[in-house]
Engineer: 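What follows is a single structure, and I will ask about it in a moment.
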Amino acid sequence: AKSISDQIFQRYYAPKLPEKSENQFVLKLAGLGDLLDGDLPLCSFESVKPFLQYHKKIDVIFVEKVWAFSLLSHFSSQI
């Protein structure tokens with residue numbers, strides 16, 4: 001089974017970005033630093049469980065891993 005990131009990439013980005021591949025992208029929780037990567041279902045991520053428990057909308061953004069990791073390292077160096 002393909003991961004959610006792979007499915008999103010194939011459906012929306014692959015035709016527009018033929019030089020990129022699905023393993024270069026990751027889902028990120030909007031407003032948080034948590035990345036949702038891999039073949040695990042969303043419900044297996046600890047940061048997602050409270051959203052599911054209280055039936056809240058989960059806002060995610062689809063970003064390149066290079067960008068996501070550089071952003072996270074920038075914020076972690078300021079702590």
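All residue numbers refer to positions in the sequence shown, counting from 1.
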Engineer: Under 6.0 Å between ring centres: does that hold for F62 and Y12?
Structural biologist: no
Engineer: Once side-chain contact (heavy atoms from CB on, under 4.5 Å) is applied, do any residues pair with N23, and if so which ones, sequence neighbours excluded?
Structural biologist: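 If we apply the side-chain contact (heavy atoms from CB on, under 4.5 Å) test to N23, skipping adjacent residues, the hits are S21.
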Engineer: Pairs under 3.5 angstrom only: tabulate donor-acceptor contacts from the side chains of residues 42-56 to other protein residues two or more places apart or in another chain.
Structural biologist:
unit_1: S44; atom_1: OG; unit_2: P41; atom_2: O; d: 2.6
unit_1: E46; atom_1: OE2; unit_2: K49; atom_2: NZ; d: 2.9
unit_1: S47; atom_1: OG; unit_2: D34; atom_2: OD2; d: 3.0

Engineer: As an exercise, state the distance from OG of S3 to CG of D37, rounded to the nearest 0.5 Å.
Structural biologist: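 The OG atom of S3 sits 7.0 Å away from the CG atom of D37.
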Engineer: Between L27 and I4, is there a side-chain heavy-atom distance shorter than 4.5 Å?
Structural biologist: yes
Engineer: Filter on salt bridge (charged side-chain N to carboxylate O under 4.0 Å, His left out), then keep only pairs touching residues 18-27, sequence neighbours left out; what's left?
Structural biologist: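 Applying salt bridge (charged side-chain N to carboxylate O under 4.0 Å, His left out) to every pair that reaches into residues 18-27, excluding sequence neighbours, yields K20-E64.
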Engineer: Kindly give the heavy-atom pair with the smallest separation between L17 and F25, and that separation in Å.
Structural biologist: CD1-CZ, 4.1 Å
Engineer: Distance check, rounded to the nearest 0.5 Å: L35 atom CG versus K28 atom NZ?
Structural biologist: 7.5 Å
Engineer: Please tell me if the side chains of V26 and L36 come closer than 4.5 Å, counting only heavy atoms from C-beta onward.
Structural biologist: no
